[in-house]
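Sequence lines set the chain letters: A, B, ... in the order given, protein chains first and strands last, and positions in each chain run from 1.
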Protein chains: 2
Amino acid sequence: MNIILIGAGNLATNLGKALFNANHKILQVYSRTAESANSLAKILKSEPVTDFSKLRNDADIYILAVKDSVLEEVAEQVVKGREGRMFVHTAGSMPMSVIHADRAGVFYPMQTFSKYKEVDFTVIPCFVEVSYKPDLIMLKMLASTISDTIYELNSENRKYLHLSAVFCCNFVNHCYAMGAQLLKEHGNLPFSVMLPLIEETASKLHYLSPKEAQTGPAVRWDENVINKQMDLLSENPNMKQIYQLLSQSIHDDQL
Amino acid sequence: MNIILIGAGNLATNLGKALFNANHKILQVYSRTAESANSLAKILKSEPVTDFSKLRNDADIYILAVKDSVLEEVAEQVVKGREGRMFVHTAGSMPMSVIHADRAGVFYPMQTFSKYKEVDFTVIPCFVEVSYKPDLIMLKMLASTISDTIYELNSENRKYLHLSAVFCCNFVNHCYAMGAQLLKEHGNLPFSVMLPLIEETASKLHYLSPKEAQTGPAVRWDENVINKQMDLLSENPNMKQIYQLLSQSIHDDQL
């Protein structure tokens with residue numbers, strides 16, 4: 001397919017590469033800054049653009065992979081003068097309706113993208129939605145060229161999916177960060193000692209639900225250990241509050 | 001080595017199997033209940049015992065893998081009449097001093113053990129401590145027959161290691177549980193859709209520190225998304241409070 005990619009951030013870069021490797025033609029790459037546009041366009045053998053008026057009108061699909069906060073405004077600029085075309089955004093938490101076009105859509109690849117860390121797109125579940133039903137097959141086909149797992153999901157349920165992802169990824173990662181801080185401050189062990197435990201905790205989910213898989217002092221409600229661990233956090237009121245709240249929540253979950 | 005194993009729970013079972021497979025001789029397995037003692041002793045080609053007075057006096061090492069809450073009391077029973085022997089416990093959060101013996105020690109394999117899910121002991125980091133220095137070599141040698149990663153760590157620092165493990169495993173798993181609940185209540189997607197994201201979040205830690213790896217609305221401090229997601233949680237005050245506290249903590253961490 002002939003694609004125009006709007007954005008040059010982490011997601012746009014990873015998605016652009018996956019589409020390019022699946023032999024799609026990336027006609028143009030738009031970014032606000034010439035540097036970002038040039039650098040991604042070079043990788044994708046594409047034309048860099050920094051001015052919406054220079055966007056071509058003949059792409060099969062315009063993929064908007066920009067920050068949530070500017071999405072609606074960018075969409076307006078991209079749609080203007082290209083009304084009959086198909087426009088999709090990639091944001092988990094934004095409704096399809098932020099794109100004011102007859103053929104709007106969403107293509108949300110649910111993953112955490114960081115610079116300098118390439119991801120394997122084939123295992124990333126992608127969630128699609130369209131406003132004009134006949135576009136669904138085309139969008140699913142496009143998705144299937146880069147991912148093995150595609151679901152149709154409406155904007156309302158996608159909001160909760162994205163919220164679930166915040167718990168399973170961002171909040172999980174912050175628990176890792178707090179664990180890393182404790183290790184660094186006491187005993188000076190490398191954080192790598194935690195990796196087998198972290199991997200086993202994730203790997204168990206292939207066999208058990210998270211609730212079934214729970215272990216540790218909170219689920220046993222071992223108040224002796226819980227109180228001692230709270231004491232260890234007395235110099236860090238924020239972490240202590242998180243410890244208390246999560247331990248109580250683990251306990252309540254089992255009732 | 002000739003080993004007596006005290007306990008028949010998840011940890012005792014996994015540890016016993018690893019020791020047995022490394023060709024150690026498990027002389028006896030103690031459990032309060034005959035059923036547990038028999039069942040584990042059978043697997044380990046060992047003798048089941050339910051009475052402390054029946055424990056042999058000639059083991060090279062007595063490994064106490066029992067609940068933290070009964071550890072000190074059980075240790076007293078095991079040590080009595082066998083004073084010259086070596087006794088180690090396996091508890092991350094308990095000091096070595098709960099064993100009142102000249103040759104006390106700790107052998108803490110840091111992992112989350114669940115029934116019906118076998119673990120590969122070789123990748124589990126083990127943390128050892130001894131009260132009688134000459135025992136250190138023996139304990140490290142024993143550990144190295146089942147694990148590739150062994151650290152000497154004192155009781156004080158082990159407390160923080162265990163606390164760090166609570167964050168990196170139990171609290172992480174509870175975030176998964178909350179994510180699973182959201183998915184179940186909205187859109188009815190299987191929790192398996194989260195597994196690639198969960199695995200990538202863990203896998204990134206091989207390349208980036210958790211702080212560097214952070215993504216999502218909280219680290220970007222996207223108040224629009226944060227407020228909308230808080231609204232989605234209005235019927236679940238507990239999860240809403242956790243959302244708020246963790247988002248704020250992620251944000252503060254970057255300052």
Contacting moiety of [X], where chain B heavy atoms sit under 4.5 Å:
X         : value
Ser209(A) : neither
Gln248(A) : neither
Ala218(A) : neither
Arg220(A) : side chain
Glu199(A) : side chain
Leu189(A) : side chain
Lys204(A) : both
Leu232(A) : both
Asp253(A) : side chain

Counting heavy-atom pairs closer than 4.5 Å to chain B, which one of [options] comes out on top?
options                                    : result
Gly216(A), Ala202(A), Ala177(A), Cys169(A) : Cys169(A)
Ala180(A), Gly187(A), Cys168(A)            : Cys168(A)
Leu205(A), Asn224(A), Ile124(A)            : Leu205(A)
Met110(A), Glu212(A), Met94(A), Gln111(A)  : Gln111(A)
Gln181(A), His162(A), Lys67(A), Arg158(A)  : His162(A)

Any chance you could measure [X], atom [atom1], to [Y], atom [atom2], to the nearest 0.5 Å?
X         : Y         : atom1 : atom2 : answer
Lys159(A) : Lys228(B) : NZ    : NZ    : 8.0 Å
Thr201(A) : Asn173(B) : OG1   : CG    : 7.0 Å
Phe171(A) : His174(B) : CZ    : NE2   : 12.0 Å

ask   = Are Asn238(A) and Ser249(B) linked by a side-chain donor-acceptor pair shorter than 3.5 Å?
value = yes
So which of [options] has the biggest tally of heavy-atom pairs under 4.5 Å with chain A?
options                                    : answer
Val119(B), Leu182(B), Val172(B)            : Val172(B)
Asn154(B), Val219(B), Leu233(B)            : Leu233(B)
Gln229(B), His186(B), Glu185(B)            : His186(B)
Val123(B), Leu245(B), Asp120(B)            : Leu245(B)
Ala213(B), Ser164(B), Ser247(B), Gly179(B) : Ser164(B)

ask   = Are Met239(A) and Phe167(B) side-chain neighbours, meaning at least one heavy-atom pair lies under 4.5 Å?
value =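 In contact.
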request  = Answer whether the closest heavy-atom distance between the side chains of Val166(A) and Tyr243(B) falls below 4.5 Å.
outcome  =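 In short, these two side chains touch, coming nearer than 4.5 Å.
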Distance-minimising heavy-atom pair for Cys175(B) and Cys175(A) =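 In this case the closest contact between Cys175(B) and Cys175(A) is SG-SG, 4.2 Å.
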note = In short, Asn170(B) meets Pro217(A) closest at the heavy-atom pair OD1-CD, 3.6 Å
Under 4.5 Å from any heavy atom of chain A - which part of [X]:
X         : value
Leu153(B) : side chain
Tyr207(B) : side chain
Thr215(B) : both
Gln241(B) : both

query = Going by residue number, which parts of residues 190-198 of chain B are within reach of chain A, meaning a heavy-atom gap below 4.5 Å?
reply =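 Interface residues of residues 190-198 of chain B: Pro190(B), Phe191(B), Val193(B), Met194(B), Leu195(B), Pro196(B), Leu197(B), Ile198(B).
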Side-chain donor-acceptor contacts of residues 68-78 of chain B below 3.5 Å, not counting sequence neighbours, with atom names and distances?
unit_1, atom_1, unit_2, atom_2, d
Asp68(B), OD2, Ser93(B), OG, 3.1
Glu72(B), OE2, His100(B), NE2, 2.9

Flag if over 12 foreign heavy atoms under 6.0 Å of NZ, Lys184(A) = no
